[in-house]
Trainee: 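First the structure, then my questions, so here it is.
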Protein chains: 2
Amino acid sequence: MNASSKPERTRLSAEDWEDAALSLIAEQGVNALAVEALARQLGVTKGSFYWHFRTREALLQAALERWEQYGEREIISQIEAIPDPRVRLPELFRRVAHELQPHRVYAALLKALDHPQVVPVMARVSQRRMDFLNTAFTQAGLPPEQALNRSRLTYAAYVGFLQLNFTLGLPRISHEEFDHYVEHMIATLIPH
Amino acid sequence: MNASSKPERTRLSAEDWEDAALSLIAEQGVNALAVEALARQLGVTKGSFYWHFRTREALLQAALERWEQYGEREIISQIEAIPDPRVRLPELFRRVAHELQPHRVYAALLKALDHPQVVPVMARVSQRRMDFLNTAFTQAGLPPEQALNRSRLTYAAYVGFLQLNFTLGLPRISHEEFDHYVEHMIATLIPH
DNA sequence: GATTAACCATACGGATGAGTATGGAATGCT
DNA sequence: AGCATTCCATACTCATCCGTATGGTTAATC
């Protein structure tokens, strides 16, 4: 087990630093993003970092933009193909529920909403996802205002569950219970 | 406009420091809780602080416990008196929705869930509130498992909305729209 | 009104982490 | 091979913030 997950002794690029930053953010939050700590984790020193980036702020910015772009071509683009919204929505719920790994960064950024650099990124990402929900609910037959409120409610439930169960570890729930919870969400939030 | 909200030049007590700490947490988060900054805001120096508290950690602990105890005798104890759960639940929703001021600390602590001192407090508070919801949903006629899941869903929606609208400022919503959203929540989440 | 205890100011030490300066090692190009 | 460019190490400076030491000031008490 080496210091990093990539034990190759090759030289580093800016993208390597961005990826390392994102994984560190996912594990320990934005506050823990220190250049010396990152350097140790990558097996180098600060001298390397300040060649690739002008400042710590620049790294965070680059990492956030990288994450935002990567998030674009994720679940949504695959799910968008399903024509029937009453099939698409439950499928979305179940997929999201069982792929909690990519949501670790989102959960970490949720705890860094006091940081000025994080806010606009999270605002864009969240808005896009809520727009996606909104069109789905509208296509499912909900009138415009109800669809808007339902998408807000749904996304709030997602965000809240992330915070409660993911970060706080509450409620202590089993896999089976979790599946039942997801089905309960589907039954409650999706019109039938 | 003085440095603090209390321009009296009287001497300080430990409780004054705890209150100041809580208001600073509400405004700038737990990370911003620095003793020198607090001292400046109170118009004194560190010398005062370290007479009342052994360490910064101790202040945070005391402030958190103070907040937790204060939260006990809040909305819940007043709402608990309403016997009919189908009246109690909507009333709870509306009350909580229009008293967002006391929730600022909760929203700030939600962003500090990586802090070891914050986690147990938030776990206790959140668990108590979910228990309250659970008994209400049970009394409203939901079978045990559904009531449990519904209370989880409801509380997650609350937490998520706090993060999205309160901290992130998304969606940009008017008072009227907000009222409609609350009514939509009531109609969707409370059995009828 | 003098003494004691409660409260606060000033001045330090030490740790941490961002950013700079500069020289050295590795790699690509010719 | 020789050279320039890219990448990294070492050794600093500087600012911030926690905590300590110590002496001074205010308020209570007899």
Side-chain angles (χ1 to χ4, degrees), chain A residues 2-25 27-64 66 108 111-112 114-118, chain B residues 2-25 27-64 108 112 114-118:
Chain A
N2 244 332
S4 168
S5 56
K6 301 183 178 178
E8 307 106 36
R9 269 286 165 197
T10 174
R11 300 166 104 185
L12 300 175
S13 69
E15 285 77 22
D16 292 328
W17 284 95
E18 296 170 12
D19 285 339
L22 283 176
S23 81
L24 199 154
I25 287 173
E27 289 170 9
Q28 303 188 262
V30 177
N31 303 328
L33 183 61
V35 318
E36 281 167 313
L38 251 190
R40 270 194 303 273
Q41 190 177 319
L42 287 172
V44 292
T45 66
K46 296 200 298 188
S48 171
F49 175 83
Y50 283 100
W51 192 91
H52 293 285
F53 296 93
R54 230 176 53 78
T55 169
R56 185 205 111 117
E57 211 174 76
L59 169 67
L60 178 57
Q61 193 64 39
L64 290 174
R66 186 177 181 79
K111 295 184 294 188
D114 41 4
H115 200 112
Q117 293 181 262
V118 176
Chain B
N2 244 332
S4 169
S5 56
K6 302 183 178 179
E8 306 107 38
R9 269 286 164 198
T10 174
R11 300 166 103 184
L12 300 175
S13 70
E15 286 78 19
D16 293 328
W17 284 95
E18 296 169 10
D19 285 338
L22 283 175
S23 80
L24 199 153
I25 287 173
E27 289 170 8
Q28 304 188 256
V30 176
N31 303 329
L33 183 62
V35 319
E36 282 167 306
L38 251 190
R40 269 195 304 274
Q41 190 176 320
L42 287 172
V44 292
T45 65
K46 297 199 301 188
S48 170
F49 176 83
Y50 284 99
W51 192 91
H52 293 285
F53 296 94
R54 229 176 54 76
T55 169
R56 184 204 112 116
E57 211 173 76
L59 168 67
L60 179 57
Q61 194 64 38
L64 289 174
D114 40 6
H115 199 112
Q117 293 182 263
V118 176

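The basis for the numbers below is simple: all heavy atoms, side chains too, and nothing from hydrogens, waters or symmetry mates. A note on names: the letters A, B, ... follow the listed sequences, proteins ahead of strands, and every chain is numbered from 1.
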Trainee: Heavy-atom count around A/Glu27 CD within 6.0 Å, excluding the residue itself: above 12?
Mentor: yes
Trainee: With the side chain counted from C-beta on, respond yes when A/Val35 and A/Leu59 share a heavy-atom pair under 4.5 Å apart, and no when they do not.
Mentor: no
Trainee: Looking at CG of B/Leu64 and CD of B/Glu18, how far apart are the two atoms once the value is rounded to the nearest 0.5 Å?
Mentor: 10.0 Å
Trainee: Heavy atoms, side chains only, cut-off 4.5 Å: are A/Leu60 and A/His115 in contact?
Mentor: yes
Trainee: When rounded to the nearest 0.5 angstrom, what is the spacing between CD1 in A/Ile25 and CG in A/Asn31?
Mentor: 10.0 Å
Trainee: Around B/Glu57, counting heavy atoms of other residues, nucleotides and ligands shown, do more than 12 lie under 6.0 Å from its CD?
Mentor: no
Trainee: Does this structure show an ion pair linking B/Asp16 with B/Arg11, if we count only N-O contacts that are shorter than 4.0 Å?
Mentor: no
Trainee: In whole angstroms, how far is the P atom of D/dA9 from the CG atom of A/Leu38?
Mentor: 14 Å
Trainee: Is there a donor-acceptor pair under 3.5 Å between the side chain of B/Ser48 and the backbone N or O of B/Thr45?
Mentor: no
Trainee: Out of C/dA18, D/dT25, D/dC18, which has the shortest distance to the side chain of B/Arg11?
Mentor: D/dT25
Trainee: OP1, OP2 of C/dC8 versus side-chain N and O of B/His52: anything below 4.0 Å?
Mentor: yes
Trainee: Rounded off to whole Å, could you give me the CG-to-P distance for the A/Asn31 and C/dT16 pair?
Mentor: 18 Å
Trainee: Under 4.0 Å, heavy atom to any atom of DNA chain D: which of residues 53-61 of chain B qualify?
Mentor: B/Thr55, B/Arg56
Trainee: Measure the distance from CH2 on B/Trp51 to C1' on D/dT26 and round it to the nearest whole Å.
Mentor: 13 Å
Trainee: Rounding to a whole Å, what distance do you find between B/Tyr50:OH and D/dT20:P?
Mentor: 7 Å
Trainee: If I take atom CG in residue A/Leu42 and atom P in nucleotide D/dA9, what distance separates them, rounded to the nearest angstrom?
Mentor: 10 Å
Trainee: Any chance you could list the contact pattern along nucleotides 9-15 of chain C? Use B for base contacts, S for sugar-phosphate-only contacts and - for none, protein heavy atoms under 4.0 Å, 5' to 3'.
Mentor: BB-----
Trainee: Starting from the 5' end of DNA chain D, give me the residue, A/Ser13 or B/Ala37, whose nearest nucleotide shows up first.
Mentor: A/Ser13
Trainee: Just the rounded figure in Å: distance from P of C/dA25 to CG of A/Leu12.
Mentor: 19 Å
Trainee: Ring-plane angle category for B/Phe49 and B/Trp17, please: parallel below 30°, perpendicular beyond 60°, tilted otherwise.
Mentor: perpendicular
Trainee: B/Trp17 has an atom CH2; how far is it from atom P of C/dC7, in whole Å?
Mentor: 13 Å
Trainee: Roughly how many Å is it from CG in B/Leu33 to C1' in D/dC18, rounded to a whole number?
Mentor: 12 Å
